[in-house]
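Throughout, protein chains are lettered first and strands after them, A, B, ... in sequence-line order, and every chain is numbered starting at 1.
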Number of protein chains: 2
Amino acid sequence: MAEQTRREELLQIAAELFATKGFKNTTVRDIADAAGILSGSLYHHFDSKESMVDEILSSFQEELFGAYAGILAGTDDPRAKLEAAVRVSFEAIDHHRDEVAIFQNEADYLGTFDRFAYLADRNQQSRDVWLTLLREGVSSGALRKDLDVELVYRFIRDTVWVAVRWYQPGGKLSHHDVADQYLTILLDGITT
Amino acid sequence: MAEQTRREELLQIAAELFATKGFKNTTVRDIADAAGILSGSLYHHFDSKESMVDEILSSFQEELFGAYAGILAGTDDPRAKLEAAVRVSFEAIDHHRDEVAIFQNEADYLGTFDRFAYLADRNQQSRDVWLTLLREGVSSGALRKDLDVELVYRFIRDTVWVAVRWYQPGGKLSHHDVADQYLTILLDGITT
DNA sequence: GTCTATATGATGATAGAC
DNA sequence: GTCTATCATCATATAGAC
């Protein structure tokens, strides 16, 4: 079950470095060192450093959007769907810390190159998911009618994903705890 | 009044590039090109590329923390102080877009070097400011007693600063509008 | 204050032996 | 699958002329 090909092992090592130091600040030598091999040997597994991030980002995105699609297709009421989408996102931060961090830090810049154009598409797709959920929430009466849904969308998206900067997997707060607390703030506010 | 030394002009050009492409992705040639001079000429004004970000970040931080200090020292009630801190932050995004973006994107990594150790200090200082405001809010009865103030602090900090990624100075929403909407969500939640 | 010319080092990548 | 050896390129930075 925890079978991992050498390729996957190397990708994981690279992902941790990209997430921590940034893509550009990580050299192929850094990756090779961390893997205990020489830099040239990496090219037996991958075409280039670029193709390494590419593979890391695209496979993560595929998994995440599969989860969103499941929620949208479900039969829960609007509020439950919104909660589920938030929970799935925090779960992704827990399970795919490095991938989320890389996406957060590098997507904007990488997205300017042809090879990574799919990142912009995914961004649009994500917006569609959240706006659908929020609009259903408003029209069902679960959410306030005076909300600027576009702004609320950005608020949710940003707050959720930026948590990758401080969330510690295995720390005091589980991803369930964080999601609970966050939903409380989002849904009911912080005032008495 | 809008007098700008050549030095400041060059820093502004560099800041825009650092904010858009990232520090490492911006070469001294990029900066020189944008300024209409050759890369070697930049070294008449600055020691190194590093000292350019350094100057950009440190002067911005100084201004921002001056504003926070003013709020803390004031006589407003806790809730008004919290609102003021949020407003000052969105204002900073409006007035110092590039600086905020650079800080958001690069501070974590740059902070690992001695030269930028002050970034970690400022981070701690910022935490003190917000925790003070939130605790005063809770003990005065303005904020809910069941809040995890540490978590709320991180949510506020992250949401406020990450807005630099989408906020458009001069766009449809002014920084006042964004602050209003954000405070509404934060204080009262999005449910009916 | 900017240019010419260039030193110096790091980085991504390749070819072929083991 | 990894190593040895090495290349080409690019990036930061310097020195002195104009």
In whole Å, I'd like the distance from the [atom1] atom of [X] to the [atom2] atom of [N].
| X | N | atom1 | atom2 | result |
| --- | --- | --- | --- | --- |
| M52(B) | dA13(D) | CE | P | 11 Å |
| K49(B) | dT14(D) | NZ | C1' | 17 Å |
| Y43(A) | dA8(D) | OH | C1' | 13 Å |
| I37(A) | dT4(D) | CD1 | C1' | 14 Å |
| D30(B) | dA13(D) | CG | P | 14 Å |

N-O pairing of D77(B) and R79(B) below 4.0 Å: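 Salt bridge flag = no for R79(B) with D77(B).
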D180(A) and R87(A) ion-paired at < 4.0 Å: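 A salt bridge links D180(A) with R87(A).
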Aromatic F65(B) / basic R122(B) pairing, under 6.0 angstrom, 45° off normal: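 Judged by the rule, R122(B) and F65(B) form a cation-pi pair.
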Nearest-nucleotide 5' precedence on DNA chain D, T27(B) against R29(A):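 Checking each residue's closest nucleotide, the 5'-ward one belongs to R29(A).
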Sugar-phosphate, base or nothing in reach of S51(B), heavy atoms under 4.0 Å: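 If one applies the 4.0 Å heavy-atom cut-off, S51(B) turns out to touch nothing in the nucleic acid.
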Touch class at under 4.0 angstrom, heavy-atom based, for L38(A) against every strand present: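 Touches a base.
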Residues that, via side-chain heavy atoms closer than 4.5 angstrom, fall in one hydrophobic cluster with L38(B):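 Reading the cluster by chain and number, L38(B) sits alone, since nothing else belongs.
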Mutual orientation of the aromatic rings belonging to F155(A) and Y182(B) [parallel < 30°, tilted 30-60°, perpendicular > 60°]: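 Correct class here is tilted.
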From I93(B) atom CD1 to D98(B) atom CG, the distance as rounded to the nearest 0.5 Å: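 Between atom CD1 of I93(B) and atom CG of D98(B) there are 12.5 Å.
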Heavy-atom contact window of chain A on DNA chain C, given 5' to 3' at under 4.0 Å: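 Listed 5' to 3', the contact boundaries are dT11(C) to dT14(C).
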